[in-house]
Q: 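Dropping the structure in here first, questions after.
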Amino acid sequence: MTIQRQKIELPLGHNKLLLHSCCAPCSGEVMEALIESEINFSIFFYNPNIHPIKEYLIRKEENIRFAEKHNIPFIDADYDTDNWFARAKGMENEPERGIRCTMCFDMRFERTALYAYEHGFSLISSSLGISRWKNMTQINDCGIRAASHYPEIQYWDYNWRKNGGSSRMIEISKREEFYQQEYCGCVYSLRDTNRWRMSNGRDRIKLGVKFYSNAMEED
């Protein structure tokens, strides 16, 4: 299928973008859209929520591979899981899209905004919102809140899902044979997803084995 996109422009005269990326499948369409629109951007990979380390490394290496393919600068930030678990304390049993996720988005965007401030970026955004499993309002609120700590920084709440973005995300994932993630990323998401799978007669998630090239259709 031929991928067709509308040209996009950065808001308010900004000339470059720091794009927080959660993974290659979510950022693939965003990156290609920015490249086609000749926008200067860098990838910022900061995701201390991803657990375990095996899953984290698979997701990061996929993202690095795709960034290198397109000669996009890739900033590999700290994997400070101790900090993430400390912030998540008391929220272990909160539901997906609840206050634990808000904490997680806040943490990742705070670090993104700090890096932007220290390295001459005035605009930040994220690929997180392209996923239909995420609450876009929740994500954008966290991004705006993080950027508000720095008068020079703005969060760009562009809707990456619109005009076929979500469909193209899947097309690119299949074309690139990306790793197909089966849970959001954190240990509690993994726990809850496995509980749901087992209660519905399905096997527990096996890390590192399911790719868009070999994934079987499941109900």
Side-chain angles (χ1 to χ4, degrees), residues 3 5-6 8-11 14 16-37 39-50 55-56 58-77 96-97 101-102 104-113 115-116 121 123-144 146-147 153-176 178-186 189 212:
I3 295 178
R5 302 181 180 87
Q6 296 181 358
I8 55 178
E9 295 182 355
L10 297 181
H14 291 281
K16 64 178 180 178
L17 170 71
L18 184 64
L19 178 70
H20 170 267
S21 175
C22 52
C23 60
C26 285
S27 65
E29 159 60 15
V30 178
M31 291 172 66
E32 288 198 359
L34 293 170
I35 291 167
E36 285 191 9
S37 296
I39 289 173
N40 179 14
F41 73 101
S42 297
I43 293 293
F44 188 73
F45 192 87
Y46 176 68
N47 300 288
N49 58 305
I50 301 174
E55 182 80 6
Y56 172 80
I58 292 172
R59 297 189 189 193
K60 183 175 74 171
E61 291 305 317
E62 288 269 278
N63 211 165
I64 291 174
R65 172 171 66 87
F66 194 69
E68 288 181 344
K69 177 179 179 178
H70 293 286
N71 296 313
I72 301 301
F74 186 95
I75 299 149
D76 185 359
E96 201 85 9
R97 300 189 179 192
C101 291
T102 297
C104 185
F105 297 146
D106 279 340
M107 181 177 179
R108 289 189 272 175
F109 289 150
E110 285 166 7
R111 183 64 65 88
T112 306
Y115 186 93
F121 291 87
L123 186 68
I124 63 173
S125 190
S126 176
S127 62
L128 278 163
I130 198 171
S131 170
R132 62 187 177 91
W133 301 108
K134 297 289 191 295
N135 182 326
M136 189 179 295
T137 299
Q138 181 185 34
I139 291 168
N140 288 337
D141 286 347
C142 293
I144 292 168
I153 307 296
Q154 179 185 358
Y155 177 80
W156 188 26
D157 59 352
Y158 186 82
N159 185 352
W160 302 104
R161 299 179 194 174
K162 69 180 183 179
N163 299 319
S166 292
S167 297
R168 290 192 298 270
M169 177 185 73
I170 301 300
E171 291 176 35
I172 293 169
S173 295
K174 291 178 179 178
R175 185 193 73 204
E176 299 295 325
F178 285 145
Y179 175 60
Q180 188 168 8
Q181 300 146 195
E182 298 188 79
Y183 63 104
C184 181
C186 78
S189 172
Y212 278 91

Q: Which residue is it: Arg168, Lys69, Arg5? I am looking for the one with a salt bridge (charged side-chain N to carboxylate O under 4.0 Å, His left out) to Glu32.
A: Arg5

Q: Hey, could you give me the CZ/CD1 distance between Phe109 and Ile124, rounded to the nearest 0.5 Å?
A: 7.0 Å

Q: Step through it carefully: locate the ring centre of Phe66, locate the ring centre of Phe178, and say whether they are under 6.0 Å apart.
A: yes

Q: Do the charged groups of Glu62 and Arg59 touch, with an N to O distance under 4.0 Å?
A: no

Q: Measure from the side-chain N and O atoms of Gln138 to the backbone N and O of Arg97, and report whether any donor-acceptor pair falls under 3.5 Å.
A: yes

Q: Using the ring of each side chain (for Trp, its six-membered ring), is Tyr158 parallel, tilted or perpendicular to Trp156, with breaks at 30° and 60°?
A: tilted

Q: Would you say Ser131's side chain and Trp133's backbone share a donor-acceptor pair under 3.5 angstrom?
A: yes

Q: Whether Glu171 and Arg175 form a salt bridge (side-chain N of Lys/Arg under 4.0 Å from carboxylate O of Asp/Glu) is what I want to check.
A: no

Q: Do Tyr56 and Asn47 have side-chain atoms, one donor and one acceptor, less than 3.5 Å apart?
A: no

Q: Which distance, rounded to the nearest 0.5 Å, do you find between the CD1 of Ile153 and the NE2 of His14?
A: 8.5 Å

Q: NZ/Lys162 to CH2/Trp160 distance, rounded to the nearest 0.5 angstrom?
A: 9.5 Å

Q: Could you go step by step and tell me if Leu18 and Ile75 meet the side chain to side chain contact (heavy atoms under 4.5 Å, CB included) rule?
A: CA-CA 10 Å; Leu18 184 64; Ile75 299 149; 3.8 Å; yes

Q: Quick one: list whatever passes side chain to side chain donor-acceptor pair (under 3.5 Å) with Lys134, sequence neighbours left out.
A: none

Q: In sequence, state the C-alpha distance, the side-chain angles, and the governing distance for Glu55 and Tyr179, and then conclude on side chain to side chain donor-acceptor pair (under 3.5 Å).
A: CA-CA 10 Å; Glu55 182 80 6; Tyr179 175 60; 2.8 Å; yes

Q: So how far is it from Ile43 CD1 to Asp76 CG, rounded to the nearest 0.5 Å?
A: 12.0 Å

Q: Mind checking the OG-CD spacing from Ser166 to Glu29? Nearest 0.5 Å is all I need.
A: 8.5 Å

